[in-house]
Structures are given as structure tokens and as C-alpha cells.
Amino acid sequence: MLPNVAKKGDWVQVQVRILEPNERAPQVPEDTKKVPLEMRVKGFLIDEKAEIGNTVNIKTPTGRIVSGTLVAINPKYEHDFGEPVPELITIGMELREFLESDEHSGGEKK
């Protein structure tokens, strides 16, 4: 079960509203204009303690102080590099084999 109370120094994530829908640029697509521009930032809780939904201050690893709504405690990294590309899976081994070959090294084995 995930904790819903964080204490000072915990790794957390906040959500910050950057622009309201009416503040969005005119060239933004219509469906995008209907929602606010928001960002999520991870850092260390500065406040003594906080619950999910509270407005808190965090210090990011780069030293920035950011104020926002606490949305996660000990957030995990959810990004990835997508599905593997079959042609790229073996390319490292093939390149090493090529670089170590007689043909590439001018006849001298390394």
C-alpha cells in the first residue's frame, strides 16, 4: 500500500498549473486549449509533513524550489524507450565483430 503522508526530506512529486485554458496560445489545437497546461516535478519535500492533495514546497535535485499540489510519494519512473527494434537488438554485437575483423583492422588482429 502506498503511503499518503510524506515527511520532510521524502522524495515526492508535485503538480503545478502553468497556464489556465484561457491563457493558452492561440495556435494551440482546439482540444488542447480546453485544458490547463500543467507540469509534474519530482523533488524532496521541504515542509515538515504533508498529505496527498496538499500544497507543498519541494527542492529538486538541481536545487530549484517548486510549490505545487502533492500528487505522489516515492514516485516511480514510468518512462521507457518503447518497443525494441529487432534490427537494433544485435547491432552492437555486429559492430564489435566488424571492428575486430581482419578486414577492418588492415589485416592485423587486435
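Keep in mind that what you see is a predicted model, and the values were worked out from it rather than measured.
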Distance-minimising heavy-atom pair for [X] and [Y]:
| X | Y | value |
| --- | --- | --- |
| Leu70 | Ala6 | CD2-CB, 4.4 Å |
| Ser67 | Thr55 | OG-CG2, 3.8 Å |
| Thr69 | Gly53 | CG2-O, 3.6 Å |

>> For Glu97, give me all partners under side-chain contact (heavy atoms from CB on, under 4.5 Å), at least two apart in sequence or on another chain.
In response: none

>> Applying a strict under-4.5 Å side-chain criterion to I, L, V, M, F, W and Y, I'd like to know whether Leu95 and Val85 cluster together.
In response: no

> Any chain of hydrophobic side-chain contacts (each under 4.5 Å) joining Val16 to Ile73?
Replying inline: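 Same cluster.
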
> So, do Val66 and Asn57 sit near enough that their side-chain heavy atoms are less than 4.5 Å apart?
Replying inline: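 With C-beta onward as the side chain, the pair stays apart.
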
> Would a 4.5 Å heavy-atom cut-off, applied to side chains only, mark Lys8 and Leu45 as touching?
Replying inline: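 They are not in contact (no side-chain heavy atoms under 4.5 Å apart), so the answer is no.
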
> Got a donor-acceptor contact below 3.5 angstrom from the Asn54 side chain to the Val56 backbone?
Replying inline: no

> Any sub-3.5 Å donor-acceptor pair from Asn4's side-chain atoms to Ile52's backbone N or O?
Replying inline: no

>> Just verifying a value: how many Å separate Ile89 CD1 and Ile91 CD1, rounded to the nearest 0.5 Å?
In response: 11.5 Å

Would you mind writing out the side-chain donor-acceptor pairs for residues 33-44 within the sub-3.5 Å range, not counting sequence neighbours?
{"unit_1": "Lys33", "atom_1": "NZ", "unit_2": "Pro26", "atom_2": "O", "d": "2.9"}
{"unit_1": "Lys33", "atom_1": "NZ", "unit_2": "Glu30", "atom_2": "OE2", "d": "3.3"}
{"unit_1": "Glu38", "atom_1": "OE1", "unit_2": "Gln15", "atom_2": "NE2", "d": "2.6"}
{"unit_1": "Glu38", "atom_1": "OE2", "unit_2": "Gln15", "atom_2": "NE2", "d": "3.3"}
{"unit_1": "Glu38", "atom_1": "OE2", "unit_2": "Arg17", "atom_2": "NE", "d": "3.4"}
{"unit_1": "Glu38", "atom_1": "OE2", "unit_2": "Arg17", "atom_2": "NH2", "d": "3.2"}
{"unit_1": "Arg40", "atom_1": "NE", "unit_2": "Gln15", "atom_2": "OE1", "d": "3.2"}
{"unit_1": "Arg40", "atom_1": "NH2", "unit_2": "Gln15", "atom_2": "OE1", "d": "2.9"}
{"unit_1": "Lys42", "atom_1": "NZ", "unit_2": "Lys76", "atom_2": "O", "d": "3.4"}

>> Can you list everything that forms a side-chain hydrogen bond (donor to acceptor under 3.5 Å, both in side chains) with Lys7? Sequence neighbours excluded, please.
In response: Asp10

